[in-house]
Amino acid sequence: MPFLIGPMHQHIDGRKELTAHNEILRPEPAKELRIALNHGNTEAKCLVEVDQEVKIGTKIAERSDFVYVPFFSPVSGKVVRIEKKPGVNLRPVTYVVIENDHQERTEELSTLSEDANKEEIIAFLKEKGIIGCGGAGFPTYFKYQTDKCETLLINAVECEPFITSDARMIEEHIDYLKLGVRMLFRASGAKVCRICIKENKEELIRLLEETFHGEQGIEITRLKDLYPMGWERTLVYEVLHKRYEKLPIEAGAIISNATTAIYFGRAMKTGLPIDQKLITVSGDAVKEPHNVLAKVGTSFHDLIEACGGYTADQVKVLAGGPMMGSSVNKDEVTISPSSNAVTVLKYEKDDEIACLRCGTCADHCPSGLRPVNIMQAMKANDLTRIKLLKVSDCIECGLCSYNCPSKIAVTENMRRAKRLTALRK
Amino acid sequence: MEIKYNPGPNIRSKRSTKQIMLYLTCGLLVVYVFGLQYYLRQGSFFLKQAILLPLASVITAVVTECLYALFLKKNVVSYLRSSFPWVTGLILALCVPINTSIHAIVMACFVGIFFGKLVFGGFGQNIFNPAGVGRAIVLTAFTGARIVDVVTAATPTTTFANHGWILSPQDMQIFLNDFGGLKNLFVGNYFGALGETSTLAILVVAVVLSLLEVIDWYIPVFYLGTLFVSALIIGAFNGIALQYALFMIFTGGAAFGGVFMLTDPVTNPNTRAGKMVFAILAAFLTALIRFKASLPEGVVFSILLVNILTPAIEKYFDGKSTDREQKDAWSVIAVAVVCIIGIVLIGLSLEPKAYASVMNTAITLRGTWW
């Protein structure tokens, strides 16, 4: 009830016009590609050695604890180095550096027939390393190992400002999307599949309606232009009016990103894993914002150069969009299969003043948290209260800082509180 | 070219505290201008008061904070830009009686700013509404520092209070006629505080400020709503239902306090349900003081009293909002019901006295210092 809790979302000027309609850049892949072997905070096991020959689709590493995530070479060539350097989350990660021979030689790659059943689809998703392309990179196969799904939500909301890569991917690869969605729908066992998209993307809605016209059980759901509409919890609440504890399946829903479905469709036809990504390079400190199609392992530096370089003396470089993207301090970091944007903004210091305790942060928190109270508890070093306030439910969407009229770094305080509770468990 | 690290999010809303305070100041000025147009027609003495009171109050507030900034060795300009002393000064000038002497408002403003705000650590740290503290000082410590005038002394609230806050239907009619009827009490063309008399102007400003997200609309709605509903019931028992209920919220700074003072985010609870309970409790205290205390007016003291309750209310409503949505809803409803019943029970114990029209005995002594 927004009356008692607050709206739990906020309209943000998306600045999507910067990259929504211009040309997609396809620069020549770099001489050296550096693949980071981390999946979230977990390091994957390296399966190649220096000097080893690799082709497009050669498995170079895998994560195999409770989830299985393979890593593939995006180009053909030779492993020249294995090095430890800071990743996008600033922690050191292992990079496999592949020297590109520009031969485009490809491994023998398996494809999938359109009659595949649920088990075959899940096995294929797992083998091809199809992961959530919305940013979090959670392995797709994992979500479909259930028979409790009633609704499949295809997430084409793309609520993060500046980013247009999902929308552009749908435009470019509507056939792969159609195939991917149809197959994911089958794998989910759901009765209804709803493709969720913001109501202001009219052209895209028209394209989706034409494409999915007559498909049994698949419908297009229009959503308001609000942030964080693309977050699973907000999406499930807005579309299905349900809340859940941990996973959307508790509300009978599986959510997959539209780009994920596209890569799945592509893998079915070509056998290729996610070897390249469409990256929105945008922001107010990059010369010519564009969507850039780049091989996994391409450095942020190369992407920004492809867009004309920096335009300010002091910039912030973000892996992702301006709300949830993480700030990096070197542009030598590279893109991964879950990357979708690099945002470059002018650096300006925020003019912070005292907290009014107005509660705007609490009104807008999509998790229903009260950052203002958590901040008080942090100041008082009251760990019991921090836990009572359930800071661990924070997804760091950034809305509390965004809305804070006193320009306080509220989200950063939430991160600190989360770390504190994690440390003293 | 240098890459700076900055933890996200990396864009911010344009809405800022400075902007909120600017809008609030504009809203207060609109209410002030409305008061000014009335006193413009009441002779040079009142015009002088209407201009000097806010000027003296705002100057005192700004000078006090300047000295404090100098004492702390801070940059005065940037300190003032993030402390907003003029808002306190303006609110205070708008809620004191028009015949308050200049030295009284200067003292009240100094005490309000210094003891009500700065000793707690300045903007954002204070427990009490600073303007409310100043207003209470004027009401209690400086009762003598008024410029005597029988007409201005007889505000609707003091007159009504002198008759024990209830009148028979016939007397109610005579009383309302003395002050130009309910319509005039709503529009606000009568003597009183500079900014408190015109409920119309205050409500118009309140709607605009709510739309601009400067104030939380539900605070004045719950505050005035509680007063209105309970007065409606008390009035119904005495045969003056609607007149009594409207009089209750049109007069005595109820609208002004509800819109400009209870909504101060620094001194009210930081959750929505908490703010609602806060507003309802303030209404209860306002009624209690009006009906049973010796002071004519309850608004300002009720505000200071609920300010004390803010931490307790926050503690009660602490937690994750989605987890306690239902509990919060029931809490608000329970507090509302209990407070309304409480006000009604107290109100029903009031005995109507015979009404003596003030207008027949009015002797004007304008411009005489006490």
Side-chain angles (χ1 to χ4, degrees), chain A residues 1 3-6 10 12 90 161 243 310 312-318 322-331 343 345 347 350-351 353-360 362-363 365 367-370 372-373 385 388-390 393 396-399 401-407 409 411-412 415, chain B residues 1-21 78-79 81-84 121-125 213-216 218 263-276 310-311 314-315 317-329 331-332:
Chain A
M1 192 159 62
F3 186 62
L4 269 179
I5 298 182
Q10 165 77 38
I12 295 176
L90 306 183
R243 294 202 197 280
Y310 300 101
D313 287 336
Q314 290 190 317
V315 295
K316 299 183 280 197
V317 178
L318 312 170
M323 292 298 285
M324 289 194 74
S326 52
S327 181
V328 299
N329 50 14
K330 288 201 174 76
D331 59 9
T343 306
L345 298 170
Y347 178 77
D350 286 319
D351 190 5
I353 68 169
C355 174
L356 283 169
R357 307 182 326 109
C358 61
T360 305
D363 283 358
C365 178
S367 295
L369 299 175
R370 288 164 174 168
V372 53
N373 295 19
R385 187 168 170 218
L388 172 92
L389 292 166
K390 299 203 174 161
D393 290 356
E396 303 173 24
C397 72
L399 215 45
S401 280
Y402 177 85
N403 279 306
C404 177
S406 290
K407 311 293 164 200
T411 312
E412 185 59 10
R415 290 192 193 104
Chain B
M1 205 283 311
E2 185 189 1
I3 299 175
K4 292 278 220 178
Y5 172 76
N6 187 53
N10 279 284
I11 45 168
R12 294 297 188 104
S13 155
K14 287 195 179 67
R15 182 172 173 268
S16 70
T17 303
K18 288 174 185 179
Q19 182 199 53
I20 291 171
M21 289 297 171
S78 69
Y79 183 85
R81 277 163 52 100
S82 58
S83 185
F84 318 103
F123 183 74
Q125 313 292 321
E213 296 183 334
V214 174
I215 61 169
D216 294 312
Y218 41 87
T263 51
D264 170 16
V266 177
T267 54
N268 68 29
N270 56 21
T271 59
R272 288 190 170 214
K275 284 178 213 250
M276 290 168 197
T310 293
E314 280 185 2
K315 197 171 166 76
F317 287 103
D318 210 12
K320 185 178 162 176
S321 57
T322 39
D323 287 353
R324 43 176 306 139
E325 196 174 356
Q326 282 209 314
K327 194 181 168 199
D328 284 3
S331 303
V332 173

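Here is the naming used below: chain letters follow the sequence lines, and residue numbers restart at 1 for every chain. When reading the values below, keep in mind they use all heavy atoms of this one structure, side chains included, and skip hydrogens, waters and symmetry mates.
- Between A:Asp393 and A:Arg243, none of the side-chain N atoms (NZ, or NE/NH1/NH2) sits under 4.0 Å from a carboxylate O, so this pair counts as no salt bridge.
- Interface residue A:Thr360: only side-chain heavy atoms are found under 4.5 Å from chain B.
- With a 4.5 Å cut-off on non-hydrogen atoms, A:Cys358 touches chain B through its backbone and its side chain both.
- Within the 4.5 angstrom heavy-atom criterion, atoms from both the backbone and the side chain of A:Ser406 approach chain B.
- Residue A:Met323 touches chain B through both its backbone and its side chain, counting heavy-atom pairs closer than 4.5 Å.
- With a 4.5 angstrom heavy-atom cutoff, B:Lys14 touches chain A only via backbone atoms.
- Put simply, of A:Asp363, A:Thr343, A:Asp351, A:Ile12, the one with the most heavy-atom pairs under 4.5 Å next to chain B is A:Asp363.
- In this structure, the portion of A:Lys390 lying under 4.5 Å from any heavy atom of chain B is its side chain and not its backbone.
- Your options are A:Leu388, A:Asp350, A:Leu369, A:Asn403, and the one with the most heavy-atom pairs under 4.5 Å with chain B is A:Asp350.
- Interface residue B:Asp323: only side-chain heavy atoms are found under 4.5 Å from chain A.
- Judged by distance alone, with hydrogens and angles left aside, the side-chain atoms of A:Ser401 form a donor-acceptor pair with the main-chain N or O of A:Thr411 at under 3.5 Å.
- When heavy atoms are compared at a cutoff of 4.5 Å, A:Leu356 approaches chain B by way of both its backbone and its side chain.
- For the residue pair B:Val266 and A:Arg357, the shortest heavy atom distance occurs at O-NH2, 2.8 Å.
- Put simply, of B:Thr271, B:Asp328, B:Ile20, the one with the most heavy-atom pairs under 4.5 Å next to chain A is B:Thr271.
- Ranking B:Gly122, B:Pro265, B:Gly274 against chain A, the residue ahead of the rest is B:Pro265, based on heavy-atom pairs under 4.5 Å.
- With chain B as the partner, the residue from A:Ala354, A:Pro322, A:Ser326, A:Gly398 showing the most heavy-atom pairs under 4.5 Å is A:Pro322.
- Using a 4.5 Å cut-off between heavy atoms, A:Leu90 contacts chain B through its side chain alone, with no backbone atom that close.
- The candidate from B:Pro9, B:Gly121, B:Ala273 with the greatest count of non-hydrogen atom pairs under 4.5 Å with chain A is B:Pro9.
- For B:Glu314 (side chain) and B:Asn270 (main-chain N/O), a donor-acceptor pair under 3.5 Å exists by modelled atom type.
- Side-chain N or O atoms of B:Arg15 include one that pairs as donor or acceptor with a backbone N or O of B:Glu213 at under 3.5 Å.
- Atom NZ of residue B:Lys4 and atom OG of residue A:Ser327 lie 11.0 Å apart, to the nearest 0.5 angstrom.
- The closest donor-acceptor contact from the side chain of B:Lys18 to the backbone of B:Phe84 lies at 3.5 Å or more, if one exists at all.
- A donor-acceptor pair under 3.5 Å is formed between the side chain of B:Thr17 and the backbone N or O of A:Pro405.
- Side-chain N or O atoms of B:Arg272 include none that pairs as donor or acceptor with a backbone N or O of A:Gly359 at under 3.5 Å.
- Distance check: B:Asp216 CG to B:Asn268 CG gives 7.0 Å after rounding to the nearest 0.5 Å.
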